[in-house]
There are 2 protein chains.
Amino acid sequence: MIRLLIADDHPVVRAGLRALFATEPDLDVVAEAATGEQAVEQSRAGVDIVLMDLQFGHGMQGAEATRRIREDPGAPYVLVLTNYDTDADILGAVEAGAAGYLLKDAPPVELIAAVRAAARGESALAPTVAGRLEARQNSSGETLTTREAEVLSLVADGRSNRDIAKSLFLSEATVKSHLVHIFTKLQVSSRTAAVASARDRGYIRPA
Amino acid sequence: MIRLLIADDHPVVRAGLRALFATEPDLDVVAEAATGEQAVEQSRAGVDIVLMDLQFGHGMQGAEATRRIREDPGAPYVLVLTNYDTDADILGAVEAGAAGYLLKDAPPVELIAAVRAAARGESALAPTVAGRLEARQNSSGETLTTREAEVLSLVADGRSNRDIAKSLFLSEATVKSHLVHIFTKLQVSSRTAAVASARDRGYIRPA
DNA sequence: CGGCACCTCGAACTAACGATGGATGCCGGA
DNA sequence: TCCGGCATCCATCGTTAGTTCGAGGTGCCG
């Protein structure tokens with residue numbers, strides 16, 4: 001018997017997952033959580049697998065909750081649940097200790113199979129994500145430094161170079177310098193293209 | 001007895017809604033649709049209320065499907081279902097004839113109440129949306145024309161003015177002209193800020 | 001210690017952008 | 001019918017952005 005915790009802020013999704021797993025005799029949903037905090041709490045109450053949504057409306061997000069849960073030795077496996085497989089947080093969640101991730105629009109059989117696989121301790125990473133993880137580790141030139149990401153996020157807000165310089169207590173020249181590096185890494189040649197590319201790659205929050 | 005059609009591309013969501021309504025004796029889910037096309041088709045088979053997701057992975061989107069369904073006289077009422085209440089398509093859907101809209105993270109009781117209200121022919125618009133509809137009609141300056149939206153979406157992809165001009169078979173001056181109008185309506189003064197603002201307001205697809 | 005990666009800044013130059021102000025034709029609503 | 005909004009077009013000019021050099025500072029790690 002595999003004991004499940006469902007963590008999602010959508011009541012409808014929780015009900016759907018519950019209904020889905022109800023048809024499987026070896027799967028038992030023993031708890032639900034509507035926030036990241038609740039998920040961390042409930043995960044300690046004898047659970048084998050946590051189905052963790054990445055996006056929560058308020059408070060702690062799924063990736064952080066995953067990290068907290070996996071801190072404990074003998075903690076349950078965490079399967080991350082997300083809407084888009086381009087989600088940047090997937091990488092964060094996997095690095096935080098998630099055993100795999102699932103797309104919400106995946107067919108039910110896949111969801112169930114993934115849960116069983118996770119319960120056996122197997123990792124369930126889609127090729128897309130696995131590849132992205134490799135890419136992040138190999139081609140080190142592609143990842144932005146924290147400072148560059150900081151600049152880029154301000155650019156994405158529509159701020160000007162001068163504006164950004166003031167906010168970060170830099171000279172405008174430094175901001176431009178960072179931008180040159182960002183453009184090179186992202187293989188673009190304008191700030192708006194950089195923002196577009198960064199959104200594609202998940203470097204920037206969509207909402 | 002209220003006969004429901006659930007149109008959503010997520011099996012999990014469909015199962016969740018089905019489970020939800022199963023507890024109500026006067027509500028009966030008689031059909032499901034995973035695409036916009038299916039929804040239009042199924043809506044003709046003796047349905048009272050259609051629960052219509054706005055986002056479909058492929059093919060016809062919810063707003064368009066709503067329009068098609070409501071074309072017929074005596075067509076079922078359509079309740080739009082969406083993740084974010086900032087979604088630009090909500091307005092489109094309501095204009096297409098939706099009787100109301102629901103947030104997927106709304107508590108189950110609200111969903112059920114909204115369905116019953118819609119079945120009685122009542123309109124169920126959240127104040128947020130109702131206000132936005134007014135705003136759209138009153139301050140006409142806020143909405144972008146189709147051409148402006150077209151330009152803006154290319155800007156959001158990181159294209160240059162010259163590039164956009166070529167794509168749309170315009171002169172660069174015309175593109176700039178459109179941009180001036182866009183900036184004015186969005187109350188910004190740069191293309192990146194315009195993109196940021198447009199994303200906030202839901203003028204641009206997040207993915 | 002000597003790289004190496006990162007962050008910082010400057011200066012001068014080119015290209016792109018945005019502001020301003022004006023102009024035409026077209027169409028639908030008052 | 002006339003007016004207003006839309007789409008289209010154009011030129012000029014100041015500002016911003018992006019490029020290309022350069023260089024100094026830090027901290028980390030083998």
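Note on naming: letters A, B, ... go to the chains in the order of the sequence lines (proteins, then strands), and numbering restarts at 1 for each one. These figures come from a predicted structure and were not determined experimentally.
Within the structure, every side-chain polar atom (N or O) of S189(A) is placed at least 4.0 Å from both OP1 and OP2 of dG18(D). Look at S171(B) and you won't find any side-chain N or O under 4.0 angstrom from OP1 or OP2 of dT8(D). The shortest distance between the side-chain N/O atoms of N161(A) and the OP1/OP2 oxygens of dA17(D) is below 4.0 Å. At dT8(C), one or more side-chain N or O atoms of R147(A) fall inside 4.0 Å of OP1 or OP2 (strictly under the cut-off).
Atom CG in D163(B) sits roughly 13 Å away from atom C1' in dA16(C) (whole-Å rounding). Across the protein-nucleic acid pair, E172(A) atom CD and dT16(D) atom C1' stand 8 Å apart, rounded to whole Å. Regarding L152(B), its CG atom lies at a distance of 16 Å from the C1' atom of dC17(C), rounded to whole Å. One interatomic measurement links the two molecules: CG of L168(B) to C1' of dT8(D), which rounds to 12 Å at whole-angstrom precision. Between the C1' atom of dC6(C) and the CD atom of E150(A) lies a distance of 13 Å, rounded to the nearest Å. Atom CG in L179(A) sits roughly 14 Å away from atom P in dC9(C) (whole-Å rounding). Across the protein-nucleic acid pair, H181(A) atom NE2 and dT20(D) atom P stand 12 Å apart, rounded to whole Å. In this structure, the CZ atom of R191(B) is 12 Å from the C1' atom of dT16(D), given to the nearest Å.
H178(B) comes within 4.0 angstrom of a nucleotide base, judged by non-hydrogen atoms across all strands. Using a 4.0 Å heavy-atom cutoff across all strands shown, T146(A) reaches sugar-phosphate atoms only and no base atom. Contacts of T174(A) with the nucleic acid, taken as non-hydrogen atoms under 4.0 Å apart, include base atoms.
Across dA19(C), dA17(D), dG18(D), the shortest atom-to-atom separation from the side chain of F183(A) is found for dG18(D). Minimum atom distance to the side chain of A173(A) is reached by dC9(C), of the listed dT19(D), dC9(D), dC9(C). Relative to the side chain of S160(A), the nucleotides dA7(D), dG18(D), dT16(D) differ in distance, and dT16(D) lies closest.
Judged by distance alone, with hydrogens and angles left aside, the side-chain atoms of Q55(B) form no donor-acceptor pair with the main-chain N or O of T82(B) at under 3.5 Å. With D8(A) contributing its side chain and H10(A) its backbone, the two residues share a donor-acceptor pair below 3.5 Å.
DNA chain D is contacted by both V180(A) and R162(A); R162(A) maps to the nucleotide lying nearer its 5′ end (nearest heavy atom per residue).
Results of the side chain to side chain donor-acceptor pair (under 3.5 Å) test with N161(B) over E172(B), K176(B), R191(B) single out R191(B) as the only residue that passes. Considering V30(B), D48(B), V47(B), L51(B) as possible partners of L5(B), the one that fulfils the side chain to side chain contact (heavy atoms under 4.5 Å, CB included) test is V47(B).
Counting distance only, with no hydrogens placed and no angle test, the side-chain atoms of S177(B) and the base atoms of dC9(D) include a donor-acceptor pair under 3.5 Å.
Evaluation of the side-chain contact (heavy atoms from CB on, under 4.5 Å) rule for S160(A) yields R162(A), D163(A) as partners, not counting sequence neighbours.
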